[in-house]
Amino acid sequence: MSEDTRHEVARREVVHRVHGMDEVEVVTGVEYDADEAVDAGDAGAPTMDVYYPPGPRRPTRAPAAVIAAGFPDRGFEARLGCKFKEMNSTRSWARLMAAGGIVAVAYTNRAPARDLRAVVRHVRENADALGVDRDRLALWAGSGNTPVALSALMRKDADYFKCAVIFYGYTLDLADSTHVARASRAWGFANPSAGKSVEDLPTDVPLFVARAGRDAMAGLNESLDLFAAAALRRNLPLTLANLPEAPHAFDLFDDAPGARAVVAQSLDFMRFHLSAV
């Protein structure tokens, strides 16, 4: 797909940059097993791209972060002209993580909840070959990709997740709200967390949530505010960064000190919670 034919959103990079981003090693086309037959219209094996920290040698037991994809690639390509892992934003977030010492993973995606589970399983089962620590993983999700990430955190055996980062995300429908369900139908992202609550989230996985005060996505901040309040009532380890004047996708469209600071804060958060005990 030519760069020029992609939607503007797909061409945008994260406004924050750090030293070493351009020296990150990227291994593309690593196949993973999705455990189900290929859907009609999907060709080839599912793959992931792995972003390694710069340096003369690959790490042996580095922490890793998976960038969660909540939109099936076929629908995503129809809207934006590329797969989620091919977006410049996905690539630049992965480079930011890798430049900070975190191996980052982005992947092709057919059935969002299933494929995220498969990617995490592949990373953990092949940790030695990939150079990562199978028990020090993080999740990153933004916008409509968030419900898939939350569903992964809710798995009873997911103690290998040491933290999660959410940027301007549709979260959960709480208190009879239907904002997330309606957005899922309108935009086509998966909502495997439907019917769940903050009670289903682990109490020991720190969450970083970035909120855009001027977010114009229908119902997003309404549902996010309910989520944050419920998480605090349950006393979950929540870090909330609110940018009052920021728009949706401020990490791509708001090249201002505040936006860059929140991106940097989220990276520091990940490094801290993924650091070896």
Side-chain angles (χ1 to χ4, degrees), residues 3 6-28 30 48-54 62-71 73 76 80 82-109 112 116 119-120 123 132 137-146 148-149 152 161-170 189 207-212 239 241 243 246-256 258-274:
E3 179 88 5
R6 295 190 296 171
H7 191 283
E8 181 191 6
V9 172
R11 299 197 302 270
R12 287 275 183 166
E13 294 187 358
V14 180
V15 294
H16 182 62
R17 291 188 61 82
V18 299
H19 177 74
M21 283 180 68
D22 296 332
E23 285 73 52
V24 165
E25 178 190 2
V26 186
V27 179
T28 61
V30 178
M48 61 188 198
D49 297 341
V50 186
Y51 294 71
Y52 286 101
V66 178
I67 301 176
F71 295 81
D73 277 338
F76 202 79
L80 297 185
C82 68
K83 294 178 174 61
F84 178 72
K85 78 180 183 75
E86 297 168 346
M87 292 182 69
N88 284 356
S89 59
T90 304
R91 290 169 171 168
S92 53
W93 265 110
R95 286 182 175 275
L96 282 166
M97 295 172 194
I102 301 168
V103 174
V105 176
Y107 56 96
T108 58
N109 169 52
L116 177 55
V119 167
V120 170
V123 169
V132 304
L137 304 184
L139 282 175
W140 188 99
S143 193
N145 304 293
T146 303
V148 167
F161 288 128
K162 301 308 179 187
C163 64
V165 172
I166 296 169
F167 265 59
Y168 43 80
Y170 280 105
F189 62 80
L207 302 174
F208 182 98
V209 175
R211 180 184 184 274
T239 298
L243 282 172
H248 190 76
F250 64 82
D251 55 327
L252 310 181
F253 290 93
D254 189 18
D255 191 4
R260 294 193 295 272
V262 169
V263 173
Q265 183 184 358
S266 72
L267 293 167
D268 287 342
F269 174 93
M270 292 176 69
R271 284 192 294 268
F272 177 82
H273 290 290
L274 288 171

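All values below come from the heavy atoms of this structure, side chains included, with hydrogens, waters and symmetry mates left out. The first residue in the sequence is number 1, and the count goes up from there.
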Atom of [X], atom of [Y] and distance for their closest heavy-atom approach:
{"X": "M97", "Y": "A65", "value": "SD-CB, 3.8 Å"}
{"X": "C82", "Y": "A10", "value": "SG-CB, 3.7 Å"}
{"X": "A259", "Y": "L243", "value": "CA-CD1, 3.8 Å"}
{"X": "V148", "Y": "A69", "value": "CG1-O, 4.1 Å"}
{"X": "P247", "Y": "A212", "value": "O-CB, 3.2 Å"}
{"X": "V24", "Y": "A99", "value": "CG2-N, 3.9 Å"}

For residues V26 and R91, determine if any side-chain heavy atom of one lies less than 4.5 Å from a side-chain heavy atom of the other.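 V26 does not reach R91 side chain to side chain.
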Non-hydrogen side-chain atoms of Y107 and L116 separated by less than 4.5 Å: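 Yes, close enough: below the 4.5 Å cut-off.
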What about the rings of F84 and F71, do their centers lie closer together than 6.0 Å?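 No - the distance between ring centres of F84 and F71 does not fall below the 6.0 Å cut-off.
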Parallel under 30°, tilted from 30 to 60°, perpendicular over 60°: which one fits the rings of F167 and W93?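 F167 vs W93 ring planes: perpendicular.
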Are R17 and D22 within salt-bridge range, i.e. N to O under 4.0 Å?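 Answer for the salt bridge query: yes.
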Between R260 and D254, does any NZ, NE, NH1 or NH2 come within less than 4.0 Å of an OD or OE carboxylate oxygen?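 Result for this pair is no, no salt bridge flagged.
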Would N109 and K83 satisfy side-chain contact (heavy atoms from CB on, under 4.5 Å), going step by step from the backbone distance to the final call? CA-CA 8 Å; N109 169 52; K83 294 178 174 61; over 6 Å; no
Spacing of [X] atom [atom1] and [Y] atom [atom2] [to the nearest 0.5 Å]:
{"X": "I67", "Y": "M87", "atom1": "CD1", "atom2": "CE", "value": "11.0 Å"}
{"X": "N145", "Y": "I166", "atom1": "CG", "atom2": "CD1", "value": "11.0 Å"}
{"X": "F208", "Y": "F272", "atom1": "CZ", "atom2": "CZ", "value": "14.0 Å"}
{"X": "T146", "Y": "W140", "atom1": "OG1", "atom2": "CH2", "value": "8.0 Å"}
{"X": "H16", "Y": "M21", "atom1": "NE2", "atom2": "CE", "value": "8.5 Å"}
{"X": "E13", "Y": "L96", "atom1": "CD", "atom2": "CG", "value": "9.5 Å"}

Do V9 and F253 pass the side-chain contact (heavy atoms from CB on, under 4.5 Å) test, and can you show the C-alpha distance, the side-chain angles, and the key distance before you say yes or no? CA-CA 9 Å; V9 172; F253 290 93; 4.0 Å; yes
Where the side chain of N88 meets the backbone of R12, is there a donor-acceptor pair that is under 3.5 Å apart?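 Not at all, since once roles are kept as given, no pair shorter than 3.5 Å links the two residues.
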Test your reading of the model: is there a side-chain donor-acceptor pair from R6 to the backbone of R11, 3.5 Å cut-off?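 Flag not set: sc R6 to bb R11 has no pair under 3.5 Å.
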Could you give me the CA-CA distance, side-chain angles and deciding distance for V132 and V50, then say whether side-chain contact (heavy atoms from CB on, under 4.5 Å) is met? CA-CA 11 Å; V132 304; V50 186; 6.0 Å; no
Set out, in order, the CA-CA distance, both residues' side-chain angles and the distance that settles side-chain contact (heavy atoms from CB on, under 4.5 Å) for L252 and V14, then state yes or no. CA-CA 5 Å; L252 310 181; V14 180; 4.1 Å; yes
